[in-house]
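Residue numbers begin at 1 in each chain, while the letters A, B, ... track the order of the sequences. Small disclaimer: the values here were computed from a predicted structure and weren't measured.
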Amino acid sequence: MQMLHVFRNTPHGREELLQTAQFCKTMQASPVVYIPEFTKFLLYLDNDVVQVDLDKTFLRSPGTAREHVEEIMAEMDVDNWRFFVPRHFSTPFLPDVPVGFHFMGCPHTIADLRSKAGAGYIGPRIRRILASAAFPLLLFSPVFKPFTRIAVMFGGKANAATALRLAVRLHRLSGLPISMYTAEEGRRSRKYYEKLLSKNALTGVFAQSVSDWQIFPRKEFVENLYRIPHDALVVMGAYGHGTIRQLLMGSTVEIIQAHLPNNLLIAGPHYRGLA
Amino acid sequence: MAFFSRIKQWLGRIFPQGPAGEDRLLLILFGAVVGICSGLAAVALNTSLHGMESFFGQYRYNWWSFLLPGIGAALSSIFLEKIIREGAGHGVPEVIYSVSRHGGLLRMRSTFSRLVSSSLTIGSGGSAGPEAPVVMSGSAIGANIAKAFSLNERHRIALVGCGSAGAVAGIFNAPIAGLVFTIEVIVGEWTALHIVPVAVASVSGAQISRILQGNQIPFTHLHFDVDVITTVAAAGLAVVTAGACILLTRMMRTSHQLAGKVPVPLWTRAAMGGMAVGIIGLFLPQVLGEGYHVIREMVEGSFGGGFSMVLILMLAKILATSLTLGWGGSGGIFAPCLVIGSFAGLMFHRGVDAVLPGFLSVNEGAFALLGMAGMISGMLQAPLTGIFLIVEVTGGYETILPLILVSVISSTVSHAFEPSSFYFRDLVEKGHYLRPRTDAKVLADLRVSEVLEKDCASVPKNMLLGDFLKVVQQSRRNYFPVIDENTGEFAGMIHLDDIRPYLFDNLLHDTVFLEQIMAADTETVDIDDELSDALDWMDASGAYSMPVVSNRRFVGMVSKATLLDRYRKELMLQTTE
Amino acid sequence: MQLSLEELAGCLDTHPDIVLRWIRQGRIPVKRRQDICVFNPEVLEKWAAVNHVSFTPPEKKTRPLLEEKPSGLARAIEKGGIYYDIPGETVSDVLRSAVERMESVAGRRLKDLLLEKLLDRENMMSTGIGSGAAVPHPRSPVRHEADGQPEEQMAVCFLSSPVDWQAVDNKPVFVLFIIVAPTAREHLHLLSRISYCMRDNAFRDLIAGRPDPEDLFAAVSGYDSRLDAGTA
């Protein structure tokens, strides 16, 4: 398993790489570090090509970048990592980054969060990557803090199962305990979600892996986010909603992103499981 | 997304699939839609080009008019790089690259970016043509329509072709040229799956342009009396146009390399190139812009100046084109080629006429026309495109015999000096020129992970030879990866053939560790390496298999045996229609 | 019809990644919803025929012949039986009385055929492997048109008195391990196992003491499980 990390040689970038390193170490994945030479690259996904525009900070002090990466990896005691050097270019200034990775770390500028951090805004680019990528994205926290448990957001018809499957997979890889959080929407009660579990053949997995399940009303969603432990990796699914609905209410991902400082791992509808 | 997939479902119900699950009928419908859209893009470019020309035209007679192409090129570069952030290349090679490697995926922003930037470059006087931008736009329109309906790669490539065909057909009012250019240059696959929708797109693109702009033939001409002498002389002209092609290609390359060495931002570079063109334009205004009016004069036979004047103009146009495109202006090579070609034809006619007065009975306009065909064919090394394009843009079917001759000879001669055409050269150099149904394409499609053999038992490097023999007993393979048991890292390979002499020596069984007899310096391949690289290595070293190692961990083996099996399946799949 | 990606790859006898790519490229009439492949089996079958791809529809799919592990020594001996006090002075006498005693080779004609083949083999070269043991066996599987062929088995026959078998070490033979197997592979398997046992001093001592069936089974099962686990 490999995780793509786009490195920037700044203190923020260091925090991001530390998070990738810890994630990979915990999940037995190997980081693949890309030190960009251009401010943009292309991801050719299954049915979409996404151009990722980086800001100038990613090109800062290229002389020390490799050295810094090596230092951070040594500090985190991660040895199975490597650099990624793009082999194909769509145009001379536009490298292609392959998409055969199992995770991708998502710096804030890709997420376009710096400008709208307060509003809980997931950039359209992230949305598009999520919409067609087979790998989940790890959204970084501003500062590195090791997570010691997994919190899975079990809600939404299609997202719930995806998120739980991913969480269980991570649980098996890392041995970290899972707690599950569900916001009751409308008339959907605990029964409904139990049915959802059995419909997706997840009842057994749930019993084995999930240590605690908290259900709270959707109306108090934001208030109840306090229940999620500060040292948890939050796992959730994201499904493409209609544009209008998004404008009206904002997606759950955005609410969570806005209110939780935790690391956030998001799987899109094409997430294929970890082979 | 849901909206499009619902439409697709609904269409799928109306248009039944073919026996092997082909959506050909559906594809024809999509082809028409894409053709209309890209035809509209062509019309839009044409209109904005004229708008820009008249806007910049009002300053044309000021002393500082030489700045105009510089300003235009700089604006177009700023627009592309800073506003759209396109990371632009020439256009057509990007489309071919995407068709070769990524099933025709193109970015949404490419649907319009080049239209704006090229109308800035060309309208301000830069020496470039509108066809590459419009092909890029059309292809991107096709790709994005395919994306919206989640079509698969084959269909998406067909729609990319539709876009390019509709665009060329629309901009030149030349439906056959659109079809032929697309199949010959963009798609590279002459199969019904592609030809049918592309033809439909060509028709609808040309039709839209006729509805909106009228059915004009760009370069009308007088009637030519083409005789046998003309046909013979065409062979001579072909050599001249081939020479011009080679000169243009090399000038473009040199000027591009030169520009790359200038340590200034891209837009400044473009401005410098444009300014240089503007200075040439002060003396020879004929080289500015797409230059269609010049062609028109030449084809009609009303172009003044002597042999040397035309020669200078031709060289100046070549220089101006390489300055515009090589230094970062945005545009295509078609229109400059047409201009250079007609200069070359005119020059040839006047040269022959000076040496042998009265030998060529036909009007010099006919040679301008033949020169264009020779230049296009030579530059693209696509003779069919040259033939059909010229026949259609001039309506000159009576010149078809010398036209064919000049096209094929010109493209052959320039091929001898420049083995890959202007569009393909970079792609060929980087190994991205992957035509359908070729070995390179099949190999590029197969991934190392797809031919990986995982049933290899690995052995620790501190194992005794005697213990290893028991592993061999249980195994069906000849290759054994050796692992460092402490770190889990790959240490080397043991091939039974290499250690056969030790196998039957009982004394060694308890004294030799695997580490001592393994091949530690084995070449390995990574899981996301290109299969062709692995194959090259196996060929070079005579090996039949090699280990796959990722992040220093052994993953499996690739062997020629499995590869042949998969390769053959893939080849059959890609070549049966 | 719906199958998972892995199942479909199995039907097409190829790698799931390849199927995934074929779907993406539109080379195969299959649609994908996450990991589920949706297709019309008739269309797919036609496609497979046109493109020379092997396709085994899942319902018709015959279970791949499980790499049948040849059964161990213990099972073969259980089948073949253990016999004591086989009379006879010469090789052919001994073999004749042994074959007569073998219960799992039923029918006159099969017994005659087996004996004939065993004698043929002995005439070629002695099967005495030393330490007082011989492994008489037919050179080719015993088969009779009408009576079929006997199952894989090994008959352990202790002789009433040692017989000169012209063994490799010239020691007289006191025990026979008669191997009957339907295929050459199973034959070799049994042969290699018994010769492995006979190289072990403990087993040779056990055999020399003409052990009870229980003891013999226990010992042989021990070797079996060790060899199966690959730890021996």
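Within a 6.0 Å sphere centred on NE2 of His68(A), heavy atoms belonging to other residues, nucleotides or ligands number more than 12. More than 12 non-hydrogen atoms from other residues, nucleotides or ligands lie less than 6.0 angstrom from CD of Glu70(A). Around the CZ atom of Arg425(B), the shell of radius 6.0 Å holds more than 12 heavy atoms that belong to other residues, nucleotides or ligands.
Here the side chains of Asp529(B) and Arg87(A) are in contact, with some heavy-atom distance below 4.5 Å.
A distance of 11.0 Å separates CZ of Arg101(B) from OH of Tyr44(A), quoted to the nearest 0.5 Å.
With a 4.5 Å cut-off on non-hydrogen atoms, Leu106(B) touches chain A through its backbone but not through its side chain. Of the atoms belonging to Glu86(B), it is backbone heavy atoms, and not side-chain ones, that fall under 4.5 Å from chain A. Only the side chain of Asp526(B) comes within less than 4.5 Å of a heavy atom in chain A; its backbone stays farther off. Proximity to chain A (any heavy atom under 4.5 Å) is restricted, for Arg552(B), to the side chain, taken from C-beta onward.
For chain B, the option among Gln51(A), Lys40(A), Arg82(A) with the highest count of heavy-atom pairs below 4.5 Å is Gln51(A). Counting heavy-atom pairs under 4.5 Å between each of Asp96(A), Val50(A), Leu45(A), Val32(A) and chain B puts Asp96(A) at the top. Between chain A and the residues Arg553(B), Glu153(B), Arg156(B), the most heavy-atom pairs under 4.5 angstrom are made by Arg156(B). When the candidates Met108(B), Lys430(B), Arg447(B), Glu530(B) are compared by the number of heavy-atom contacts under 4.5 Å with chain A, Glu530(B) comes out ahead.
For the residue pair Gln2(A) and Ser550(B), the shortest heavy atom distance occurs at NE2-OG, 3.2 Å. Across all their heavy atoms, Phe89(A) and His432(B) have their closest contact at N-NE2, 4.2 Å. Of all heavy-atom pairs between Asp46(A) and Leu105(B), the closest is O-CD1, 4.4 Å.
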Side chain to side chain contact (heavy atoms under 4.5 Å, CB included) evaluation trace for His102(B) with Leu42(A): CA-CA 11 Å; His102(B) 301 294; Leu42(A) 290 184; over 6 Å; no

